[in-house]
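Order of appearance sets the numbers: ligands from 1, and atoms from 1 within every ligand. All residue numbers in this chain count up from 1 along the given sequence.
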Amino acid sequence: MRAAVAAVTPDKVDGVSYDLVIVANRLPVDRVENADGTRGWRTSPGGLVTAIEPVMRANHGVWIGWPGGTETDLEPFEHDGMSLAPMTMTPEEIEEFYEGFSNGTLWPLYHDVVGKPEYHREWWERYVSVNERFAEKAAGLAAKGATVWVHDYQLQLVPEMLRRIRPDLRIGFYLHIPFPPAELFQQLPWRRQLLEGLLGADLVGFQLPGGAQNFVRLVRQRVGHRTQSGTVFLPDGREVRAAAFPISIDAKGFEELARKPAVEKRVEAIRTALGNPKKIFLGVDRLDYTKGIYARLRAFAELMGEGHIDVEDAVFVQVAVPSREQVEQYRILRDDIDRLVGRINGDHGRIGRPAIHYLHNSYPREEMAAFYRLADVMVVTPYRDGMNLVAKEYVATRYEDDGALVLSEFAGAADELRQAWLVNPYDINGMKAALLEAYRADDRETTRRMRAMRRQVTQHDVVAWAEAFMTSLTDLDGDGPHSTIVKPPKR
Ligand code: G6P
């Protein structure tokens, strides 16, 4: 792996090099077809863009990432005031790097092996070569002493590869998903290379303190470096810090959206279309086996079967956003959920009143805000989740301090949203009890809980997250030629 990375001279976009370089597998834009048939870009709805965009603007930044698909003639471009440098991906790279090693090996391994990870040497080799391409691209665009912020499990080798080409850079890495305990990580045939890849960064950020601790312990055991609490001491004198930075959402933006008259109108339209049930349960997830969709729908169906909930009183709306559809485990999950929803509706539905309204689709932020406003009980029950931003989005839209959140203990968000009805998603009876309690809770109880959760989410928003990471990265010890990153103006 070491010899393969070539020295790169800055290739700059239009002769410019950047003081801040964001490197993520995905670009923050999606391809769209314009009315006149031409193709354009639209900013993706995710919260990460909201967080990073202001930092990019204030710092003359560029974002390197893959826009999806296999287009090959992609030039760097500006979108919405952001400089974007697209990475291409061949069909083999999509199959072996993205679907294979990233989502068939690392994703299930890092999520408590909820799905079975597959270990294939060709997938690993492709992971190495794609990480090299990202590192070379970043090396070519970063100004002298620039800051590079690398994101997520698809790019864990980039920090070390980049440092070898450009030792002048300040490098941060942030993992958006959980970092597993040593007992699981150990399975990985390339465990040492991944740890060394991450150690190329000056700061490695995790969602929770437990992830940082797992990482430091593994570095000590598997790589043999000396460590002290969150710091790793490398033999060459360099220090790497590992710490938790729980990610969040644009809470203010979500609340503003939820208050829009157009969204309020949409809430009423959807409620009418659902047949005006007294209460609405809601699930919103990427269609992923880590999310616990199957078990939650079963729990709801059992409550109906036992007569605790009547379909004339309550329905369940489940939004499942299509995801990674070429990966086998995701296809199986889709079939399983299709069958289960069909069975539940067959057993408990009445004419014009299905028990589960199942939507396999993705929606713009406005529509999501309307769904959140509509939900009396929001059900977020992953088996394992780095954070889960849906839970925080729900809380942000409940500006009247109402609505109940049922939340898995195994979502990172459970560390902050302590006033939710916390459940173990493996315990169906426990989940049924919590669903029923949340369904029957009186206004005083829901208000007490929601008020506390709203305080947490509004005070710890995504801008605070980005600032905390950036401050920690730029305040690190060392007096190299690093430029100082400018914080975005306060909102
Ligand atoms: C998770 C990961 C992201 C990823 C997203 C969507 O949130 O942490 O890195 O981009 O899922 O998945 P996709 O495979 O479509 O990029």
List, for ligand 1, each N/O atom that has a protein N/O partner under 3.5 Å away, with both atom names and the distance.
from     : atom 1 : to   : atom 2 : distance (Å)
ligand 1 : 8 (O)  : D152 : OD2    : 2.6
ligand 1 : 9 (O)  : D152 : OD2    : 2.5
ligand 1 : 9 (O)  : Q154 : NE2    : 3.2
ligand 1 : 11 (O) : R324 : NH2    : 3.2
ligand 1 : 12 (O) : R324 : NH2    : 2.9
ligand 1 : 14 (O) : Y98  : OH     : 2.5
ligand 1 : 14 (O) : R324 : NE     : 2.9
ligand 1 : 14 (O) : R324 : NH2    : 3.4
ligand 1 : 15 (O) : R26  : NH2    : 2.9
ligand 1 : 15 (O) : Y98  : OH     : 3.4
ligand 1 : 16 (O) : R26  : NE     : 2.8

When you measure from the side chain of R126 to the backbone of F97, do you find a donor-acceptor pair of N or O atoms at a distance under 3.5 Å? no

Side-chain donor-acceptor contacts of residues 79-88 below 3.5 Å, not counting sequence neighbours, with atom names and distances?
from : atom 1 : to  : atom 2 : distance (Å)
H79  : NE2    : T43 : N      : 3.4
H79  : NE2    : T43 : OG1    : 3.1
D80  : OD2    : T43 : OG1    : 3.2
S83  : OG     : E78 : OE2    : 2.7

Using only heavy-atom distances, determine whether the side chains of Q456 and E416 contain a donor-acceptor pair under 3.5 Å. yes

Is the closest basic N to carboxylate O distance between [X] and [Y] below 4.0 Å?
{"X": "E196", "Y": "R163", "answer": "no"}
{"X": "R324", "Y": "E99", "answer": "no"}
{"X": "E256", "Y": "K260", "answer": "no"}

